[in-house]
Amino acid sequence: MESKVSEGGLNVTLTIRLLMHGKEVGSIIGKKGETVKKMREESGARINISEGNCPERIVTITGPTDAIFKAFAMIAYKFEEDIINSMSNSTATSKPPVTLRLVVPASQCGSLIGKGGSKIKEIRESTGAQVQVAGDMLPNSTERAVTISGTPDAIIQCVKQICVVMLEVQSVTIGSPPKGATIPYRPKPASTPVIFAGGQAYTIQGQYAIPHPDLTKLHQLAMQQTPFTPLGQTTPAFPGLDASPPASTHELTIPNDLIGCIIGRQGTKINEIRQMSGAQIKIANATEGSSERQITITGTPANISLAQYLINARLTSEVTGMGAL
């Protein structure tokens, strides 16, 4: 079976998924999609690229084994070409290896590593490629990243051997009860900056501001729910003093189980909201027996409105999985 696969003679349809950064995806797509079109036509494999404004994208390659190997070869040589082009503009003397990241179900990683690491060692030695299987699963999935690096030829040989292992695993498991469905890894959208003007919310994508109807509704809701009666608004400004609207305070209560999405890892999200809104935001410590936390927002009416809107947007993205912020 192994020899047949390595010669590309075994007509088995396989699907292999790759994890790529935006720049790598751009290289594969090419101008007006010409590069990926050429790869599809010449390899005979189906090549699909996941949608979404994400820092990472999934590239899915499906087809008979020989078509998959051709597609991989074209991708590996394209990445090597990119490396050579980037080196012409730098002072680096040693050429870095081509690196590809496969996404493999965790249930198949054991066979790929082998007893005591014997299989992965054999693949490294026979192909000359470096192969690393990630210890942790990719977020919200039952898949792991398998990183392959080396020359394009070494990578192609390595992918062939990995395909053999995957085919062997599949043939062994056919007819036996599955260990549980694979939960595929789906990259999350990048946090996109949000601005609003004239009652409309916009997300920033590249150089463009794109109207965002969901966030617009949220913003309008936030505005409606915030009855501002700033103190001293009718008092004329004293000469020499800043005439900006006086600061006021607004308080919110948030359920304990949602406070984490407002704070973010190591306070990153709450700091973002503070910076974007210009408001001071204090989160009270958890009190025993209470299922809620109090948030105090201080600033001008506009600062408070924006902070409230951003907090609401964070809560909505958490509850709906929208992930827009």
Mind checking whether [X] and [Y] have side chains closer than 4.5 Å, heavy atoms only?
X	Y	answer
Arg186	Ser50	no
Ile281	Ile262	no
Ser27	Thr35	no
Met39	Ile28	yes
Tyr309	Ile273	no

Applying salt bridge (charged side-chain N to carboxylate O under 4.0 Å, His left out), can you list everything that pairs with Arg101, at least two apart in sequence or on another chain? Glu56
Shared-cluster residues of Met137, by chain and number - hydrophobic side chains joined below 4.5 Å: none
Applying the 4.5 Å side-chain criterion to the ILVMFWY set and letting contacts propagate, would Met20 and Ile148 be lumped into a single cluster? yes
Would you say the side-chain atoms of [X] pair up with the backbone N or O of [Y], donor to acceptor, closer than 3.5 Å?
X	Y	value
Glu24	His21	yes
Thr142	Ile183	yes
Glu143	Tyr185	yes
Arg314	Cys261	yes

Is Lys38 paired with Glu41 through a side-chain N to carboxylate O contact shorter than 4.0 Å? no
CG of Asp257 to CZ of Arg293: how many Å apart, nearest 0.5 Å? 11.5 Å
